[in-house]
Amino acid sequence: MAGTQLDLISAEKWGLFTNVTKPVVIAGPCSAESEQQIFETAKALRVAGIEVLRAGIWKPRTRPNSFEGVGTVGLQWMQRVQRELGMKVSTEVANVKHVYEALKAGVDMLWIGARTTANPFAMQEISDALKGIDIPVLVKNPVNPDVELWIGALERLNLAGLKKIGVIHRGFSVYGKSKYRNVPQWQLPIEIKRRFPEILMICDPSHISGKREYIQEVAQQAMDLGFAGLIVESHICPEIALSDAAQQVTPAFLTDILGKLIIRNIDTENLEYKESIDDLRAQIDIIDNDLLELLANRMKISDEIGKYKKQNNITILQPGRWDNILAKVSEIGKARGLDCEFLEKVFKAIHQASIDRQTKIMNKK
Ligand code: PEP
Ligand code: MN
């Protein structure tokens, strides 16, 4: 359903954040572990200016026999935070039972975890259970980098009548070693923002990083891209956390991260800036046109080659030639200060498009 629009209510009207033009920050432990841990963490976060607490009550763990959350009793601890600290509280729901329990306890906002977003059956059941309920829901990206699956989850909620919907970018699973626990693949949240410019877009630097020392740089990147806020895992004593210990930060550490963040503006009235940007963009537009023309010409020649290959019954793929092209591109590109990995991606896409066109030519009756 590419091209669908969502019927959304802007986050200013959710009654959760006093100022949505500053980055909104949701913080709290990965999991609620005890009444004392929740309360002490929330108290310190409140002092740090955090308005919305996060805590997982039911934890989706990759392997059985890990800590799977305290369950319903944790909701009472969250109620105490609402009552005594005046904070709003949020938790993850992954099935209908969670939805009923969380709503009964008066949780202020729900979020959908990455494993649940990836499952249309679960998303439909949750959406049906939420029909007619006016509660904000944040939808994490699915574990796999599939933007349509992410949008599908948003659409299911929206079709059930929910309008206070936002998204959380928490990165994507990879096999093998990588710097971050979940690779950011920023192009996916960028695509969501392109399709739904009004949606509240929050970054979860904790689950992207996997390690507290990377949170600052990921959070800054989110600010540089114009994200509306952050959801950060914070625990009064991260070393003894029962889940995601390495990525949780103390409330003091969180204050330090937020203090160092540079917040960018979406726009400015500065005329000199506007003129310079307009001028540079005009140059980019001309270059983009040239690129398109060059690409079109390249494809035309590639079509000619396809015809000759057909006449002479020659394979489309010529590994030696392709290898030469890649080597040359990488050598010239390097000398011009271009990133080799980037060039490889671009030329692989061009080469594949050429092959696709030649395949059509070759099989034309
Ligand atoms: C969480 O927020 O603690 C969580 C389980 O996150 P995710 O769904 O992003 O893995
Ligand atoms: Mn977690």
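We use all heavy atoms of the structure for the numbers below, so side chains are in, but hydrogens, waters and symmetry mates are not.
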[X] versus [Y]: any side-chain heavy-atom pair under 4.5 Å?
| X | Y | result |
| --- | --- | --- |
| Arg212 | Leu254 | no |
| Leu159 | Ser127 | no |
| Val70 | Trp77 | yes |
| Arg195 | Glu191 | yes |
| Val218 | Pro184 | no |
| Met123 | Leu157 | yes |
| Ile135 | Lys164 | no |
| Pro238 | Phe253 | no |

Short question: side chain of [X], backbone of [Y] - any donor-acceptor pair under 3.5 Å?
| X | Y | value |
| --- | --- | --- |
| Ser206 | Val232 | no |
| Asn141 | Ala114 | no |
| Gln247 | Ser209 | no |
| Lys140 | Asp204 | no |
| Asp108 | Val89 | yes |
| Asn158 | Leu154 | no |
| Asn265 | Thr268 | no |
| Glu68 | Arg61 | no |
| Lys193 | Ile199 | yes |
| Thr116 | Ala94 | no |

Same apolar cluster: [X] and [Y], side chain cutoff 4.5 Å:
| X | Y | result |
| --- | --- | --- |
| Val137 | Leu75 | yes |
| Val167 | Ile126 | yes |
| Met78 | Ile231 | no |
| Phe347 | Leu292 | no |
| Tyr100 | Leu130 | no |

Derivation and outcome, salt bridge (Lys or Arg N to Asp or Glu O under 4.0 Å), residues Lys300 and Glu304: CA-CA 6 Å; Lys300 265 186 219 145; Glu304 288 302 308; over 6 Å; no
Check ion pair Glu92-Arg115 (N to O, under 4.0 angstrom): no
Salt bridge Arg281-Asp285, side-chain N to carboxylate O under 4.0 Å: no
I need the [X] [atom1] to [Y] [atom2] distance, nearest 0.5 Å.
| X | Y | atom1 | atom2 | result |
| --- | --- | --- | --- | --- |
| Leu16 | Met109 | CG | CE | 5.5 Å |
| Ile316 | Met362 | CD1 | CE | 4.0 Å |
| Ile301 | Arg298 | CD1 | CZ | 8.5 Å |
| Ile9 | Asp134 | CD1 | CG | 6.0 Å |
| Ile208 | Tyr214 | CD1 | OH | 14.0 Å |
| Ile165 | Leu138 | CD1 | CG | 10.0 Å |

Pair Lys360-Asp356, salt bridge (Lys or Arg N to Asp or Glu O under 4.0 Å): steps then yes or no: CA-CA 6 Å; Lys360 262 197 200 138; Asp356 293 347; over 6 Å; no
Return the minimal non-hydrogen interatomic distance between [X] and [Y], and the atom names on each side.
| X | Y | value |
| --- | --- | --- |
| Cys340 | Lys334 | SG-CE, 4.1 Å |
| Met201 | Pro189 | CE-O, 3.0 Å |
| Ile168 | Trp111 | CD1-CB, 4.3 Å |
| Leu343 | Gly333 | CD1-CA, 3.4 Å |
| Trp14 | Pro136 | CE3-CB, 3.6 Å |
| Ala118 | Val143 | CB-CG2, 4.3 Å |

Just distance, no hydrogens or angles: give the donor-acceptor pairs under 3.5 Å from side chains in residues 35-60, sequence neighbours left out.
| residue | atom | partner | partner atom | Å |
| --- | --- | --- | --- | --- |
| Glu35 | OE2 | Arg80 | NH1 | 3.1 |
| Gln37 | OE1 | Glu33 | N | 2.7 |
| Gln37 | OE1 | Ser34 | N | 3.4 |
| Gln37 | NE2 | Ser31 | O | 3.0 |
| Gln37 | NE2 | His235 | NE2 | 3.4 |
| Thr41 | OG1 | Gln37 | O | 2.6 |
| Thr41 | OG1 | Ile236 | N | 3.2 |
| Arg46 | NE | Leu85 | O | 3.3 |
| Arg46 | NH1 | Ile50 | O | 3.2 |
| Glu51 | OE1 | Thr18 | N | 3.2 |
| Glu51 | OE1 | Thr18 | OG1 | 3.4 |
| Glu51 | OE2 | Thr18 | OG1 | 2.5 |
| Arg54 | NE | Pro29 | O | 3.2 |
| Arg54 | NH2 | Cys30 | O | 2.9 |
| Arg54 | NH2 | Glu233 | OE2 | 3.3 |
| Lys59 | NZ | Cys30 | O | 3.0 |

Does [X], at its [atom1] atom, have more than 12 non-hydrogen atoms belonging to other residues, nucleotides or ligands within less than 6.0 Å?
| X | atom1 | value |
| --- | --- | --- |
| Glu269 | CD | no |
| Lys274 | NZ | yes |
| Lys179 | NZ | yes |

Step-by-step side-chain contact (heavy atoms from CB on, under 4.5 Å) determination, Tyr308 to Ile314: CA-CA 8 Å; Tyr308 277 110; Ile314 302 288; over 6 Å; no
Side-chain donor-acceptor contact under 3.5 Å, Gln358 with Ser302: yes
Between Glu293 and Asn289: side-chain donor-acceptor atoms closer than 3.5 Å: no
From CA spacing to verdict: side-chain contact (heavy atoms from CB on, under 4.5 Å), Thr250, Ser234: CA-CA 5 Å; Thr250 61; Ser234 178; 5.6 Å; no
Candidate pair Leu225 and Arg264, rule side-chain contact (heavy atoms from CB on, under 4.5 Å), full reasoning: CA-CA 8 Å; Leu225 290 172; Arg264 319 278 178 196; over 6 Å; no
side-chain contact (heavy atoms from CB on, under 4.5 Å) between Ile262 and Gln220, worked out: CA-CA 7 Å; Ile262 304 165; Gln220 185 60 54; 3.7 Å; yes
Sequence neighbours excluded and cut-off under 3.5 Å, please list the side-chain donor-acceptor pairs for residues 318-330, or say none.
| residue | atom | partner | partner atom | Å |
| --- | --- | --- | --- | --- |
| Gln318 | NE2 | Thr315 | O | 2.9 |
| Gln318 | NE2 | Thr315 | OG1 | 3.1 |

